[in-house]
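Below is one structure, written out as structure tokens; comments come after it.
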Amino acid sequence: MTPLASVKFACLDTETTGLSPAGGGKICEIAVSVSQNGQKLEEFTTLLNPGMPMHPDVIAIHGITNDMVRNAPVFADILPQLLVLLDGCVLVAHNAEFDLSFLRTETQSCGLHFPDYPVLDTLKLARKNGCFPRNNLGVIASALGINADGAHRAMADVRMTEKVLYNFLHEFALGGVSTLEELQKYQTKRHEKVVLGLTPLP
């Protein structure tokens, strides 16, 4: 069993040119924040040149324009740094499979395999154990008193996710959860003693 206090959490978010890599979507921004036991260790964020023009409807969502990414690095340029940063971490994201599908596809396009990191999904935890009006990140953050300004930019969403995560960890700790393995179980099973969202941290 892995004590939660010893876990390095890498909260991450991507902004993309489309809804799925299968439909040709690419990553145009990525952000990661690594922390352990509530202490920030490292942050990383960058725009990425997706190698394709972005549709105005997509730009309207995240505000990242074609001009902004024109001289940005491509994914292959930042992949080595990203893999070093994530080494030994548990990945955390809201609707994690969305981000992971893009990361796997982009990494595969570089001739590599994206590692099978342990994953925590704050969306799954909220759905199974929460009492929020809706389970999107902004609504959960607002319900917990977390500033949701800048939503839909990668680092803003990462910082929200990180604060949501530590609120959830606090609630689960009160319910007796102390290990990563226990916490992972409650992504698919409701904890009878925990209702997330009732007691936001100060």
Side-chain angles (χ1 to χ4, degrees), residues 1-16 19-23 25 27 30-38 82 85-108 113-146 148 151-152 154 157-201:
M1 291 291 192
T2 309
L4 287 171
S6 71
V7 175
K8 285 199 302 181
F9 294 106
C11 293
L12 63 84
D13 184 68
T14 60
E15 300 301 328
T16 65
L19 296 177
S20 76
I27 299 173
I30 187 169
V32 181
S33 177
V34 179
S35 63
Q36 182 176 4
N37 204 24
L82 179 65
L85 181 64
L86 298 180
D87 186 47
C89 292
V90 172
L91 303 194
V92 183
H94 198 77
N95 192 15
E97 188 53 37
F98 176 87
D99 300 285
L100 289 172
S101 67
F102 279 92
L103 288 167
R104 292 186 193 110
T105 299
E106 296 269 16
T107 302
Q108 186 176 19
H113 170 73
F114 191 71
D116 295 321
Y117 302 99
V119 176
L120 284 177
D121 189 334
T122 49
L123 175 60
K124 289 182 178 179
L125 289 170
R127 282 176 171 167
K128 282 294 179 182
N129 301 278
C131 60
F132 302 99
R134 295 190 309 280
N135 289 315
N136 62 295
L137 181 59
V139 169
I140 292 173
S142 295
L144 294 173
I146 296 166
H152 301 301
D157 284 356
V158 159
R159 289 172 178 162
M160 273 192 282
T161 300
E162 190 170 63
K163 290 175 182 177
V164 166
L165 169 69
Y166 279 102
N167 270 274
F168 286 5
L169 292 182
H170 174 73
E171 293 300 313
F172 276 110
L174 294 177
V177 176
S178 61
T179 70
L180 175 63
E181 292 78 9
E182 289 173 326
L183 186 60
Q184 287 176 311
K185 178 173 67 174
Y186 294 113
Q187 296 183 109
T188 56
K189 177 183 177 182
R190 189 172 184 87
H191 190 301
E192 62 181 13
K193 296 180 181 178
V194 174
V195 182
L196 299 171
L198 294 182
T199 55
L201 295 178

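Computed over heavy atoms, backbone and side chain alike; hydrogens, waters and symmetry mates excluded.
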Separation between OG of Ser33 and CG of Leu85, rounded to the nearest 0.5 Å: 9.0 Å

Value rounded to 0.5 Å, distance of OG1 in Thr161 from CG in Asp99: 8.5 Å

Derivation and outcome, side-chain contact (heavy atoms from CB on, under 4.5 Å), residues Asp157 and Glu15: CA-CA 10 Å; Asp157 284 356; Glu15 300 301 328; 3.6 Å; yes

Do Ile27 and Leu103 come within less than 4.5 Å of each other through their side chains, counting heavy atoms only? yes

Considering all heavy atoms of both residues, which atom of Ala141 and which atom of Met160 are nearest to each other, and what is their separation? CB-SD, 3.8 Å

Where do Tyr166 and Ser35 come nearest, in terms of heavy atoms and distance? OH-OG, 2.8 Å

Look up atom CG in Asn95 and atom CG in Leu137, then write down how far apart they are to the nearest 0.5 Å. 10.5 Å

Quick one: does Glu97's side chain get under 4.5 Å of Arg104's, heavy atoms only? yes

What is the minimum heavy-atom distance between Ala5 and Asn37, and which atoms define it? O-CB, 3.8 Å

Would you compute the distance between atom CG of Leu125 and atom CZ of Arg127 and round it to the nearest 0.5 angstrom? 11.5 Å

CG on Leu91 to CG on Leu120, rounded to 0.5 Å: 9.0 Å

Under the side chain to side chain donor-acceptor pair (under 3.5 Å) rule, collect the residues that match up with Thr107, sequence neighbours excluded. none

Got a second to check how far Phe172's CZ is from Leu196's CG, nearest 0.5 Å? 4.5 Å

Of the non-hydrogen atoms in Cys89 and Ala10, which two are nearest, and what is the gap between them? CB-CB, 3.8 Å

Ser6 backbone acceptor or donor facing Gln36 side chain under 3.5 Å: yes

How about Leu174: does its CG atom have over 12 heavy atoms from other parts shown lying under 6.0 Å from it? yes

Between Val194 and Tyr186, is there a side-chain heavy-atom distance shorter than 4.5 Å? no

Whether the side chain of Gln187 engages the backbone of Asp121 through a donor-acceptor N/O pair (distance < 3.5 Å, no angle test) should be reported. yes

Can you tell if the side chain of Asn129 reaches within under 4.5 Å of the side chain of Val195, non-hydrogen atoms only? no

Are any side-chain N or O atoms of His191 and backbone N or O atoms of Leu183, one a donor and one an acceptor, separated by less than 3.5 Å? no

Could you pull out all residues at least two apart from Tyr117 that satisfy ring-ring contact (aromatic ring centres under 6.0 Å, His included)? Phe114

If you define the side chain from C-beta out and look only at heavy atoms, does anything of Thr2 sit under 4.5 Å from Val90? no

What are the two closest heavy atoms between Gln184 and Pro118, and how far apart are they? NE2-CB, 3.9 Å

For Phe102, is there any backbone N or O sitting under 3.5 Å from a side-chain donor or acceptor partner on Glu106? no

Which heavy atom of Asn135 sits nearest to which heavy atom of His94, and what is that distance? O-NE2, 2.8 Å

Check whether any side-chain heavy atom of Phe168 sits under 4.5 Å from a side-chain heavy atom of Ile140, and report yes or no. yes

Has Glu181 got more than 12 heavy atoms of other residues, nucleotides or ligands less than 6.0 Å from its CD? yes

Student check: side-chain heavy atoms of Leu12 and Ile30 closer than 4.5 Å: no

Donor-acceptor contact below 3.5 Å, side chain Asp13 vs main chain Val158: no

Is any side-chain heavy atom of Leu86 closer than 4.5 Å to a side-chain heavy atom of Pro115? no

